[in-house]
Amino acid sequence: MLEIITSPWPWYVAGPLIGLTVPTLLLIGNKSFGVSSSLRHICAACLPANISFFNYDWKKEAWNLFFVFGILIGGFLATYFLTNPNEIVISESTIADLKEMGITSFSGLMPADLFSIENIFSLKGLVFFVFGGFLVGFGTRYAGGCTSGHAIMGISNLQLPSLIATCCFMVGGFLMTNFGLPLIFKFIN
Amino acid sequence: MTDSNKNTILVDPVMVHPEACEAPNNQRNGEGFFQLLKYLIVGVLFGIIFVKAEIISWFRIQEMFRLDSFHMYGVIGSAIVVGMISIQVIKRLNIKTLAGEMVVISDKVFNRGQIYGGLIFGLGWALTGACPGPLFAQIGSGFMAVIVTLLSAVVGTWTYGYFREKLPH
């Protein structure tokens, strides 16, 4: 039993469970599923700076901050108590592409070549953490939601704007992966 | 005027939300710290799924955008199907919330920000290997460098708020 839990969960288990978050949040407290709004609440709580977009009663929306803090704890629990005994299995073709760009480590959930503490103050850190994070925060707020708020919650509720936003997420991702990353790796390696 | 409203429960049919919030609180009853803990618990379960299904992995996102694996499409697709069925069931059977309220889901209004912002987020998603939810789970998983990514995402959100009026929507 424990082995089933510790080995990686297939999509047909994880996907439906994530989908169930939608009715769970609606029924336990009339909350619409969405994560990126938490970033805005952090702005509203810490540095509203008289910007009208951040001038609202963030405490009334505090549920979202509890939710994301829970995600962080869940990440900790799963990683340290439900550890996958085997190495991550990555598609051969992705490995080949990434090797060509200079990625050498294929163990763990994140490549150590990029996501290590030592890289924070390097060009890699600037591109993948600082610039990447900025695009995520700026883009999700500009789009009015992220994968949870638009792709899952919005499309589940048959909202056309969410379908449009989700298609744009995917287009952006395809462009960066297939055209941006090769250039970036050429530049930083 | 405002003083008299404070004591009248029957008035106040309109709930005030932050403008353009995709995950608003639609519950009329206020919630204290202990009631808010239930969202933390849902978050914990959600974070465990994220890690166990390897959704927080930069490699899985790379596979998705290289069309090398069905995993992420299966996860997001089946999540949408289950979400869609759930919302239909709630609406048709008029299921009430725990507090006995009618379920309220705000409609999304189209603006061009969904296109521009969507593209920008997509670029960042492929770089960081994370959307906002997985960012928190990655930090919990011990990838401390992602704290920088999260802080930068908060700065990005703040920058959007600062320039909002000047940006095309």
Side-chain angles (χ1 to χ4, degrees), chain A residues 9 11 14-16 18-19 22-23 26 29-30 32 34-37 39 43 51 53 56 63 66-68 70-76 78-79 90-91 93-94 109-110 129-130 132-143 145-147 149 155-156 159 161 165 168-169 172-173 176-177, chain B residues 18 22-23 26-27 36 39-40 43-44 47-49 51-53 57-59 63 65 68-69 71 74-75 78-80 82-84 86 97 103 108 110 113-114 117-128 131-133 136-137 140-141 145 148-149 152-154 156-158 160-161 164:
Chain A
W9 299 0
W11 63 265
I18 292 173
V22 170
L26 284 172
N30 229 339
S32 287
V35 174
S36 61
S37 45
L39 303 173
C43 292
I51 299 167
F53 193 62
Y56 58 88
W63 79 272
F66 278 74
F67 183 59
V68 296
I71 296 177
L72 192 147
I73 298 173
F76 173 80
T79 302
I90 308 162
S91 125
S93 151
T94 296
L109 292 176
M110 314 280 279
F129 311 151
V130 179
F134 187 90
L135 293 180
V136 169
F138 188 91
T140 51
R141 203 65 270 133
Y142 197 173
C146 58
T147 330
I155 298 180
S156 287
Q159 301 292 305
C168 293
F169 300 164
M176 178 56 81
T177 302
Chain B
E22 91 281 10
N26 276 311
Q27 173 153 304
L36 286 169
Y39 304 105
L40 185 126
V44 169
I48 292 175
I49 302 167
V51 173
K52 290 317 298 175
S57 168
W58 187 83
F59 293 118
E63 284 178 339
F65 288 132
D68 285 341
S69 162
H71 186 76
V75 168
S78 58
I80 292 173
V82 170
M84 212 179 270
S86 313
T97 70
V103 170
K108 314 261 183 200
F110 176 75
Q114 282 138 9
L119 289 170
I120 295 170
F121 163 51
L123 298 172
W125 190 7
L127 274 181
T128 60
C131 19
F136 292 96
S141 292
V148 179
T149 316
S152 198
V154 172
T157 301
W158 192 89
Y160 167 74
R164 187 165 190 258

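The sequence lines fix the lettering, A, B, ..., with proteins before strands; numbering per chain opens at 1.
Although no hydrogens or angles enter the test, the distance criterion places a donor-acceptor pair under 3.5 Å between the side chain of E22(B) and the main chain of S37(A). For the pair S152(B) (side chain) and V130(A) (backbone), a donor-acceptor distance under 3.5 Å is present. Between the side chain of E63(B) and the backbone N or O of T94(A), no donor-acceptor pair lies under 3.5 Å. At distances below 3.5 Å, at least one donor-acceptor pair connects side-chain atoms of T157(B) with backbone N or O atoms of G137(A).
Among G15(A), C146(A), S36(A), the residue with the largest count of heavy-atom pairs under 4.5 Å with chain B is G15(A). Of all the listed residues (P23(A), P16(A), G149(A)), the one sharing the greatest number of non-hydrogen pairs under 4.5 Å with chain B is P16(A). With chain B as partner, the option from A165(A), A78(A), A143(A) having the largest number of non-hydrogen pairs under 4.5 angstrom is A143(A). The greatest number of non-hydrogen atom pairs below 4.5 Å with chain B, out of G132(A), S91(A), G19(A), G173(A), is found for G173(A). The candidate from G145(A), G34(A), S32(A) with the greatest count of non-hydrogen atom pairs under 4.5 Å with chain B is S32(A). The choice from I71(A), V35(A), I90(A) that makes the most heavy-atom pairs within less than 4.5 Å of chain B is I71(A).
Using a 4.5 Å cut-off between heavy atoms, V22(A) touches chain B through its side chain atoms alone. For chain B, the nearby parts of F76(A) are the backbone and the side chain; heavy atoms of each come within less than 4.5 Å. Contacts of F138(A) with chain B are made by both backbone and side-chain atoms, with heavy-atom separations under 4.5 Å.
Atom NZ of K108(B) sits about 10.5 Å away from atom CD1 of I155(A), to the nearest 0.5 Å. From Y160(B), atom OH reaches atom CZ of F134(A) across 12.5 Å, with rounding to the nearest 0.5 Å. Between the OH atom in Y39(B) and the CZ atom in F67(A) there is a gap of 11.0 Å [rounded to 0.5 Å]. Between the OG1 atom of T177(A) and the CH2 atom of W125(B) there is a distance of 10.0 Å, given to the nearest 0.5 Å. In this structure, the separation between CZ on F129(A) and OG1 on T149(B) is 5.5 Å, given to the nearest 0.5 Å. I18(A) CD1 to I80(B) CD1: the interatomic distance, rounded to the nearest 0.5 Å, is 11.0 Å.
In terms of heavy-atom proximity, P161(A) sits nearest to F110(B) at CG-N, 3.6 Å. Scanning all heavy atoms of the two residues, the minimum distance from L123(B) to G172(A) falls at CD2-O, 3.3 Å. The two residues V103(B) and N30(A) have their closest heavy-atom pair at CA-OD1, 3.4 Å. Taking each heavy atom of T79(A) and S141(B) in turn, the nearest pair found is OG1-OG, 2.8 Å.
Counting only heavy atoms from C-beta outward, the side chains of I51(A) and W158(B) approach each other to under 4.5 Å. Side-chain contact between V154(B) and C43(A) is present, with heavy atoms from C-beta onward closer than 4.5 Å. Inter-residue side-chain proximity for W11(A) and S78(B) is flagged as met; some heavy-atom pair is nearer than 4.5 Å. Contact check for I120(B) versus Y142(A): side-chain heavy atoms found under the 4.5 Å cut-off.
D68(B) and S93(A) share a side-chain donor-acceptor pair at under 3.5 Å.
Take L127(B) and apply the side-chain contact (heavy atoms from CB on, under 4.5 Å) test, not counting sequence neighbours, and it matches V127(A), F128(A), F131(A), L135(A), M176(A), L181(A), I184(A). Under the rule for a ring pair (Phe, Tyr, Trp, His ring centres under 6.0 Å), the partners of F169(A) that lie at least two apart in sequence or sit in another chain are F121(B).
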Would W9(A) and I48(B) count as a side chain to side chain contact (heavy atoms under 4.5 Å, CB included) here? Give the steps. CA-CA 10 Å; W9(A) 299 0; I48(B) 292 175; 4.1 Å; yes
